[in-house]
Amino acid sequence: MLAISEVKKAYGAFDLGPIDLTVGTEVLSVLGPSGCGKTTLLSAIAGVVDPDAGTVTLNGTDLAGRSPEERGTVLVFQDGALFPHMTARENVAYAAASIDRVEELAATLEVGDVLDQRAATLSGGERQRVALARSLAADPDALLLDEPLANLDAPIKRRLRDELRPLLSSLSIPVLYVTHDQHEATAIGDRLAVMADGAIQQCNTPGEVFAHPATPFVASFTGSTNLFRARVAGTDENPTLEWADHELDAPDHESEVGETIEFCIRPEYVVVENGARERPNVLDGRVRRVVFEGDDYLVDVAPESTDDTIQVTLSPPVYDRLELADGERVRLSLPSDAIHVIGAGE
Amino acid sequence: MLAISEVKKAYGAFDLGPIDLTVGTEVLSVLGPSGCGKTTLLSAIAGVVDPDAGTVTLNGTDLAGRSPEERGTVLVFQDGALFPHMTARENVAYAAASIDRVEELAATLEVGDVLDQRAATLSGGERQRVALARSLAADPDALLLDEPLANLDAPIKRRLRDELRPLLSSLSIPVLYVTHDQHEATAIGDRLAVMADGAIQQCNTPGEVFAHPATPFVASFTGSTNLFRARVAGTDENPTLEWADHELDAPDHESEVGETIEFCIRPEYVVVENGARERPNVLDGRVRRVVFEGDDYLVDVAPESTDDTIQVTLSPPVYDRLELADGERVRLSLPSDAIHVIGAGE
Amino acid sequence: MATRSDRSRTAIGGFDWLTVALVLGGVLCLYYLAPLVSLFLSVPSTALLDALGDPAVVSAASTSLVSASVSTALATVFGLPLAYWLARSEARWKNAVLAIVVLPLVLPPTVSGLVLLTVIGPNAPIGAFAVATGMPLTRSLAGIVLAQTFVASPFVVVTGKAAFEGVDRTLEHASRSLGKGRWTTARRVTLPLAAPGILAGVTLVFARAMGEFGATVMVAYYPQTMPIEVWDAFLEGGLDGAYPVAIVLVVVSIAALVVLNTVASNPWE
Amino acid sequence: MATRSDRSRTAIGGFDWLTVALVLGGVLCLYYLAPLVSLFLSVPSTALLDALGDPAVVSAASTSLVSASVSTALATVFGLPLAYWLARSEARWKNAVLAIVVLPLVLPPTVSGLVLLTVIGPNAPIGAFAVATGMPLTRSLAGIVLAQTFVASPFVVVTGKAAFEGVDRTLEHASRSLGKGRWTTARRVTLPLAAPGILAGVTLVFARAMGEFGATVMVAYYPQTMPIEVWDAFLEGGLDGAYPVAIVLVVVSIAALVVLNTVASNPWE
């Protein structure tokens, strides 16, 4: 188990932490925008940067004062950080206890046929595979991956990501996986920590983080684009929100009647209704813009009587059936169990 | 109109072209993996690289032999390429005919309040906004954008992308927009050219490219992950494909009976069936893996009797209803009009 | 497990590299610095002031200043365009040109003086012609300038080249595509951004020209520049005679260092 | 529209910068090269062979080779750890240390010799002590080495620093996190990758030490090194006497250039 407690690091104007995280024998994704401190956190754990405060313990051992090579934590870098004066084989052998282990890892990561090439001649995907083989060769007690797929083309990224998940799980060690890509973070992590401005905003299962973001930042960064301000109109038995002149049924939440809160609903959960009957959580609006994203349609709808815009994600087969045009009137339903109240909106 | 004809450029081992493209007063997205020659193509059009062969004409004028400054083509770079020794205002004024124009463009791109900052102090999004203002200040006859949003964080990228589309359309000049991101390419482009290995693989509307990829590369790069080999079993009135021991109804296509072809179906179009009745294009399988991507579930299903895996994209509300577990039996339907035959599989 | 024991071994056999580096490096820095401090301690300020009034010293100082300024100007005018070409060209023979530029940097100064004499000496055709026109290229200010330029001018080429390479080419492409020609781009984008590096190159040329001894002593012992005056004074009056002039040259060197570490961009930083 | 007319103006006022750069740069390159060619043309090969057998020349050559080799070794041992520290440290006083290292590079060689004499001269405490022990630091091989080290050693520090900076720090972090200590990381990752740059630094030190004149002439006129032999021969026998020794030095310089442009990584490339 990797336990990070109260770790802080100041870099000029930027402050990381205090960070508290506990990683069991699982893959914990750390998701955050560039410059949020993800890499600094990994560096502090690996010992290549000295934290200003806080402790890192791995399997019960306090790592304070230990050199990077004495920690059992192995880093995997964005570009692989392969030693350019060595072949792929020499890179893996650099960390491996035996030649057999090199061959075994090369087989696992499917790089057997590029082992005798120099690092510079490898493709991006091969480079990362060799880098992973090399890091596994060091027999890590904890693996720290820093955006390992960030520079790969989409299809290779997708493939390697799908291979990585079972591989990382099979290691049965704490794995920290840092990325700025929400798809990667959710696909690879058993749990997901969202970071912003040097602080962990939320840490939970990916499903929970996506469904119930703890802060407006998490909501927005995980693509919960519908984030609105409303007034609490009812609680307990009858939790409702007053948003413009709509009254929305909402799941139970902790705010008081009369309080102004923010609520969000993921654009995948908004439903375009066919029925004409008036129901709770149903509202009328006009299509303001349709964006085709290739595998999705994003439809922005301006509801009557508010200035907010609701975004709806429609899968292409659904959109093909509806054929929404700009300016067209639509009726939207916001399912009450998809509504999530974030808390007091400042 | 920007017309590129037979443009070629060799760079060591890499060959670009021959490229033929015609861009009217529209936004043409050029989508391709890193190193496919997108940037070289833009450089050849802008005149900062001399093509080995071919002609580029803009509004009827052959640009051959013209310096970059005499072409009326303006480049926008990935990192903005703002002049670091100038403020944002000086950057825009560098290209602008008058001070009024600077203010006007700053207002359009919402950078009025950072105009007096130096380039280095701007955030990524501000930098690209200033870069766009500067390029519009030069009053371009054609605009060439080279991955302008590639280095931005997801929410800023999405926002700027959504603003860019109407802005670029309003210019009424040919716009070439180069990117490796399929979502960006489809969201921004009126048309979409897919590039690989220095050649245009397909150029059409985004909807057409996604629905009917011309080559296996286009299919795979645009996320049509279900790409299988089959035998043509019937044509004309009764076009069918034989895939393992399934017979699939398919749309009309140009192959001959008995030919081996590749066909694809986008994972968004595959339907998980509830009904028990046997129908054409319905097959049984077992769930092999479920990947949660945050806004989608990717479900890999192994159909009985083939080694192929079918990927299904389910939106979270749909998945929530189905709750598929690993190993569970499911029935899939491949709607015949979503099947696309690519051509003879080599 | 092998890796694990390897780890402990490294830890136990630990050897403090930082201390070693700082001790060895400290000795070296002390070796550079101590003689200078010692120099300042050796010279009474009255002797310095007396020396500064000495007509021979004043003459040497003005000869050095004029010749070094002219050499620096020549080096900049001829060298800077070459530096830009070296920074931007993709020609194959670029490296051959660079080797020619580096040659005077690795040539011993006395040899530089000697080879110059084979061209500008009174017995060589060009030198003889110059003597005939009454403007001899040896034992003259012209000779000093020629020697200093030969020895010092490569600094502005190599440092200027690095400065131009430091200007992202994309910025020039952006400027051109915005409708500005080569000249406007150079004036408003490339030169301002390369300026600190170019200034460093110019400073190095001036410092090297001011200090030039080996080549000058061969080509133009007279009129005496300051380094030759140091040598002459040393021969005549030993250390005490040479100190005051040397201190002036030290001050010039330190001024150059200050320029390199402030307004200019130190090429070794 | 203003931009459009601006464009045309630039085009019409077009001025071929490439030609200007190549003409000015060509003149400069010719100025570097012509004297050397002229030198080779001036010396009959028989004279060269005769000179190479001259005991004075042989003695000077061996003195130069031995002293330059020792100076280079000293510079490398003391300078390389400092170079690594300068490349990796984030200490504030790093730039002050760098300024001290650059100081000998901008100091005139005669002044360098003079300031060294204030410490190692027979009248200075250290120098007097050395004389008393029978190993004088002036007019001796030791003095030559001290002068050459002072003047030449900064090259290995600044070039080595650049070489170490060229090694991505991430690679060192990767090696450490893979369980390898500082020493293994240095030996297997940092040094192999920095080697061409370090070799360039060592080559420059050797070339500079071989060519050292101004400081050596002050500290140790005897035993004569080759640059001093060139000067001496020039005083005695004019150009013709100095040519053969000069040619040997030119060959050494060209060899250094070849090393810089092949196995080593030319710091100015």
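Chain naming here is simple, since letters A, B, ... match the order of the sequence lines and numbering starts at 1 in each. Below, all heavy atoms of this structure are taken into account, side chains as well, without hydrogens, waters or symmetry copies.
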Within the side chain of [X], is there an N or O that forms a donor-acceptor pair under 3.5 Å with the backbone of [Y]?
{"X": "A:Q128", "Y": "A:G80", "answer": "yes"}
{"X": "A:E273", "Y": "A:R331", "answer": "no"}
{"X": "B:E268", "Y": "B:V312", "answer": "no"}
{"X": "B:N281", "Y": "B:L334", "answer": "yes"}
{"X": "B:Q117", "Y": "B:V114", "answer": "no"}
{"X": "B:D146", "Y": "B:Q78", "answer": "no"}

What distance separates [X] [atom1] from [Y] [atom2], expressed to the nearest 0.5 Å?
{"X": "A:R165", "Y": "A:Y177", "atom1": "CZ", "atom2": "OH", "value": "12.0 Å"}
{"X": "B:L16", "Y": "B:Y11", "atom1": "CG", "atom2": "OH", "value": "9.5 Å"}
{"X": "B:C36", "Y": "B:L31", "atom1": "SG", "atom2": "CG", "value": "8.0 Å"}
{"X": "B:R266", "Y": "B:S224", "atom1": "CZ", "atom2": "OG", "value": "5.0 Å"}

*I would like to know whether B:E147 and B:K38 meet side-chain contact (heavy atoms from CB on, under 4.5 Å); could you show each step before the answer?*
CA-CA 10 Å; B:E147 304 248 17; B:K38 310 184 293 284; 3.4 Å; yes

*Let me know if B:S220 has heavy atoms under 4.5 Å from chain A in its side chain, its backbone, both or neither.*
both

*Check whether B:D320 gets within reach of chain A through its side chain, its backbone, both or neither, counting any heavy atom under 4.5 Å.*
side chain

*Could you check A:L248, A:L227, A:I342 and say which one makes a side-chain contact (heavy atoms from CB on, under 4.5 Å) with A:F263?*
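Of A:L248, A:L227, A:I342, side-chain contact (heavy atoms from CB on, under 4.5 Å) with A:F263 is met by A:L248 alone.
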
*Looking only at heavy atoms, which two atoms of B:F14 and B:G37 are closest? And how far apart?*
CZ-CA, 3.5 Å

*Which salt bridge (charged side-chain N to carboxylate O under 4.0 Å, His left out) pairs, counting each pair once, include a residue from residues 118-129 of chain A, with sequence neighbours left out?*
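For residues 118-129 of chain A, and leaving out neighbouring residues, the salt bridge (charged side-chain N to carboxylate O under 4.0 Å, His left out) pairs sorted by first residue read A:R129-A:E163.
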
*What option among A:G32, A:A154, A:S34 has the most heavy-atom pairs under 4.5 Å with chain B?*
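Winner by heavy-atom pair count: A:S34.
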
*So which of A:V271, A:T313, A:D162, A:T222 has the biggest tally of heavy-atom pairs under 4.5 Å with chain B?*
A:D162

*Please look at A:T225 and chain B and tell me whether the side chain, the backbone, both or neither of the residue comes under 4.5 angstrom of a heavy atom of that chain.*
side chain

*asked:* If I measure from the heavy atoms of chain B, does A:R289 come under 4.5 Å with its side chain, its backbone, both, or neither?
replied: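 Side chain only.
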
_If the contact rule is any heavy atom under 4.5 Å from chain B, which residues of residues 290-298 of chain A qualify, in numerical order?_
A:V291, A:F292, A:E293, A:G294, A:D295, A:D296, A:L298

*Identify the residues of residues 194-212 of chain A whose heavy atoms come closer than 4.5 Å to a heavy atom of chain B, ordered by number, or report 'none'.*
A:P206, A:G207, A:F210

*Residues of residues 180-187 of chain B contacting chain A, heavy-atom criterion under 4.5 Å, by residue number*: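 B:Q182, B:H183, B:T186, B:A187, listed by number.
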
*Under 4.5 Å between any side-chain heavy atoms of A:L28 and A:R191, yes or no?*
yes

_Identified side-chain hydrogen bond (donor to acceptor under 3.5 Å, both in side chains) counterpart of A:D300 within the set A:R288, A:Q311, A:R286_ = A:Q311

*Taking every heavy-atom pair that is under 4.5 Å apart, which of B:A338, B:P317, B:G223 has the most such pairs with chain A?*
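Top count of heavy-atom pairs under 4.5 Å with chain A: B:P317.
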
